[in-house]
Amino acid sequence: MNTWSYILRRLLYTIPIILGVCLIIFAIFNLSGYDPAQLLLGKHASAKQIAEVRHELGLDRPLLEQYIGIVKSAFTFDFGRSWATKQSIIDMIKEGAVPSLTLTFPAFLISTVFSILLAIIVAFFRGKLIDRTLVIICVCLMSIPSLAYILFFQKFFAYELGWFEISGYEHGFPYFIPYVILPVIIMVVLNLGPDLRYFRTVILDDIYQDYVRTARAKGLSEKVVLLKHVLKNSLIPIITYVVIQIPFLILGALLLESFFSIPGLGGLTVKAVFDNDFPVIKAMTILSAMAYIIFTVITDILYTIVDPRVRLK
Amino acid sequence: MKSRNLVSFLIMGLLALTVSCTKKVDLSEKVLHLAVTSEVKGMDPIYANDKYSSNEVGRVYEGLLEYHYLKRPYTLVPNLAEALPEVSEDGLTYTFKIRQGVLFQDNAAFKDGKGRELVAEDFVYSIKRLADPKLQGLGWWLLQDKIVGLDEWREKNSKKDSVDYTEVVEGLKTLDKYTLQFKLKKQFPQFLYSLAMPFTFVVAKEVVDHYGKEFLNHPVGTGPFMLKEFSQSSKKFTYDRNPNFRKKLFPSEASDEFKHMLAYAGKPVPFVEKIEVNIIKEDQPRWLNFLKGRVDYIGIPKDNFESAVTPGKGLGEEFAKKGIDLSVSPSLDVTYTAFNHDLKLFNNVDLRRALALAYDVKEFNKLFYNDTALPAQSVVPPGIAGYMPDYVNPYRNRDLEKAKALLAKAGYPEGKGLPEITYDCPSTSTSRQIGELFKKQMAEIGVNIKVVQNSWPELQKKITARQVMLYGIAWGADYPDAENFLQLLYGPNKSPGANGSGYDNAEFNKLFAKASVMQDSPERTAIYETLNKMAAEEVPWLYGVHRQSYLIKHSWLKNYISTDFEAGQDQYLDVDLKIKKDMQSKL
């Protein structure tokens with residue numbers, strides 16, 4: 001099977017998954033027992049008003065019709081308008097995705113590259129002082145809650161030293177830069193521990209394989225063994241780990257966005273939850289699921305590129 | 001070596017970029033810097049049912065009436081109305097003359113982009129929008145069953161595909177270009193408060209038509225400020241002064257506590273050129289931004305309370321040195337734990353009283369409100385007629401012996417025979433802690449409580465569906481009248497109305513129905529007081545506290561007053577740039 005037909009088949013397989021996701025979302029929202037109309041109308045609602053709003057929102061339509069509506073929105077990306085803000089939901093998502101990405105993407109890129117480099121170094125010096133020190137540092141970094149980093153960095157670097165903005169965001173390049181540097185640093189620090197430990201384990205797993213022993217026996221330098229042979233073979237778990245994180249980058253980093261007042265998608269979702277803005281919650285759930293499915297497919301495709309032995313049977 | 005140089009260069013460049021891009025405090029023009037703790041729903045007056053949305057709406061839009069900025073108790077004064085209305089002898093017809101020459105803000109929705117003059121018909125349109133069944137304005141409850149013909153108009157149009165705004169409603173008419181008349185179905189003295197609430201603020205039909213569904217993101221009013229930058233997902237709003245704003249003067253009368261602000265009397269408002277509102281949800285960044293002088297005033301976050309306020313409830317010395325002022329004022333609210341009166345168990349007044357006497361409000365106040373709140377003796381908070389400053393609720397102060405005796409009298413000696421009582425509360429950590437303390441206190445008389453946490457929607461649903469036994473909640477005033485609090489115990493208001501506990505007492509209902517249609521008078525206040533006492537002694541709820549707001553502000557902010565009705569407040573605020581410049585070095 002060639003790569004294109006593999007990709008096509010892999011994409012076709014996502015359709016029933018998306019239908020299933022829509023069904024689950026539909027069931028959750030319809031069986032939760034919440035009455036969105038009641039919640040939207042607030043403390044002075046009368047039974048009659050609730051019935052009127054239910055009608056306006058289409059909640060009294062047949063269940064099948066409502067389910068088809070969700071499926072349609074998943075394939076057309078037309079999620080309608082937010083109940084709370086009356087804005088087009090897809091526009092809101094587009095608007096929120098950029099600030100989220102200005103924070104998460106650089107952090108992801110820096111921490112991934114940095115962690116892989118450090119993982120190669122510690123693998124090179126495995127068992128030595130530098131390896132042990134870095135592993136201990138990683139464990140320490142991972143043991144501190146993310147909130148503690150945020151509170152400390154914000155208070156010390158932004159408030160006491162005045163090096164960064166305390167909070168806020170300006171749209172457009174390069175205006176957003178001063179606002180995202182500190183949260184990016186925090187995110188890198190947060191990611192460093194788990195990333196480095198994972199990549200180190202993956203690389204060390206390969207280091208003890210027969211082919212590495214063979215390479216060394218052939219007289220290749222440790223550098224060549226690590227970079228050319230070990231790293232290449234470690235790519236599959238690394239790709240899985242890295243690519244599957246991408247959907248979460250788009251969804252933003254809720255805590256950081258909240259503490260630094262960055263108008264990203266994390267905040268958008270939470271606001272929707274507090275406003276009982278079900279269309280937005282549904283849209284975000286569908287998009288998250290779809291992003292996850294798509295990036296899983298991309299991961300599988302990348303496998304075939306990295307290792308031609310991987311093929312769909 | 002080369003690569004090390006490159007890394008150093010990149011790091012230095014990044015730091016330089018950071019430091020050079022860090023925003024400096026702007027001292028070139030008067031800008032009001034505000035921080036709000038929650039995002040807003042939008043800027044359509046008919047949906048402004050929370051204080052955050054109301055405040056944003058109040059910067060751009062205006063109503064017929066407003067609260068006098070410098071008077072307490074709260075007093076209504078004309079705003080877009082030329083004067084207070086003429087009221088007919090039967091108290092049913094209110095006739096307003098509106099100000100002439102008031103212009104809407106310039107906007108592309110108007111002909112040539114120039115804001116046109118406000119006319120009485122705009123109010124008719126705006127109030128019909130609130131009643132529009134297709135729009136489901138969140139303030140409809142204010143006018144429901146009040147104005148002659150309006151409910152019928154709503155009912156008729158709810159069955160049509162589109163709403164007919166041209167049809168004349170008998171109780172909502174213009175007599176001429178500048179005269180507006182309301183006819184009420186029955187006497188309702190609180191009606192005037194409705195006209196000071198953002199729900200009834202005036203909008204222009206052309207603008208609504210022009211922006212359609214996106215109208216709530218494009219506010220255009222007659223108010224002192226116009227929105228410059230806003231998007232629903234943004235964390236910031238910026239406003240510019242409205243060049244079309246009429247000549248409106250700072251008040252020249254004041255209650256004693258605000259007399260010092262009369263230095264501004266007669267000066268045209270607004271005083272600031274711009275307003276910048278940042279949404280900062282978390283306490284720490286809001287607090288740090290305030291300390292840096294990037295925000296002009298804030299409520300003191302719970303975790304910073306002890307560092308800012310001394311045990312004597314004054315401001316800490318370190319803050320005072322920076323010119324920071326403390327403002328303390330009671331909030332028009334009440335917290336309470338309500339019984340579900342549908343349950344036979346709670347028909348037993350001795351049981352309710354026993355629980356009330358086992359409840360130690362002082363401990364709650366100390367733990368959860370930094371000992372700043374006022375233990376509620378009854379429903380009505382201080383600051384409005386009906387509140388009785390000297391009244392002591394006989395079931396308020398903790399008395400465990402008496403509580404145990406009453407529990408036995410109720411048929412449950414030492415709690416024997418009493419089922420486990422569930423206490424439903426929201427799912428925040430503070431609510432959980434409140435629930436746990438309540439459980440501990442009740443256990444001391446043998447009452448077994450189970451704390452059940454719910455998401456806010458779930459709690460609302462359970463209250464409405466009467467699936468709770470006890471639940472903890474709070475009520476904030478919609479307008480400064482005891483009626484707004486006492487209606488929480490009025491039988492016909494049972495859920496889904498505001499009376500979530502379902503308390504239904506024929507005598508209370510009768511007296512409330514009588515008082516609610518009376519004009520403000522000593523006679524009405526006396527009835528409110530009777531109702532208040534009745535509600536205290538019958539213990540339909542376990543009364544919590546009336547909270548107090550503790551705010552701090554920088555010395556450069558002038559005329560700030562803590563108020564329960566903030567909408568429109570910023571037109572009276574001023575920023576002294578000289579003081580601000582002097583103080584920057586101290587922050």
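Since we're looking at a predicted model, the values are computed, not measured. Each chain gets a letter, A, B and so on, in the order its sequence line appears, and its residues count up from 1.
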Do A:S115 and A:N191 have side-chain atoms, one donor and one acceptor, less than 3.5 Å apart?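 Not at all, the side chains of A:S115 and A:N191 share no donor-acceptor pair under 3.5 Å.
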What part of [X] gets closer than 4.5 Å to chain A, counting heavy atoms only: side chain, backbone, both or neither?
{"X": "B:W140", "value": "side chain"}
{"X": "B:Y47", "value": "side chain"}
{"X": "B:I280", "value": "both"}

Do the ring planes of A:F157 and A:F152 sit parallel (below 30°), tilted (30 to 60°) or perpendicular (above 60°)?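 Perpendicular.
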Please work out which of the three classes, parallel, tilted or perpendicular, describes the rings of B:Y479 and B:Y193, given edges at 30° and 60°.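 Answer is parallel, since the angle falls under 30°.
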Where the side chain of A:S258 meets the backbone of A:L255, is there a donor-acceptor pair that is under 3.5 Å apart?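 Not confirmed, A:S258 side chain does not pair with A:L255 backbone.
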Where the side chain of A:E165 meets the backbone of A:P178, is there a donor-acceptor pair that is under 3.5 Å apart?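 No, the answer is negative, given that no donor and acceptor are paired below the 3.5 Å cut-off.
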Please determine, among B:L288, B:L291, B:N289, B:D50, the option with the most heavy-atom pairs under 4.5 Å with chain A.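 The candidate making the most pairs under 4.5 Å is B:L288.
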Contact class of A:L265 relative to chain B, heavy atoms under 4.5 angstrom: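 A:L265 has no heavy atom closer than 4.5 Å to chain B.
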Part of A:I262 lying under 4.5 Å from any heavy atom of chain B: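 Just the backbone, heavy atoms under 4.5 Å.
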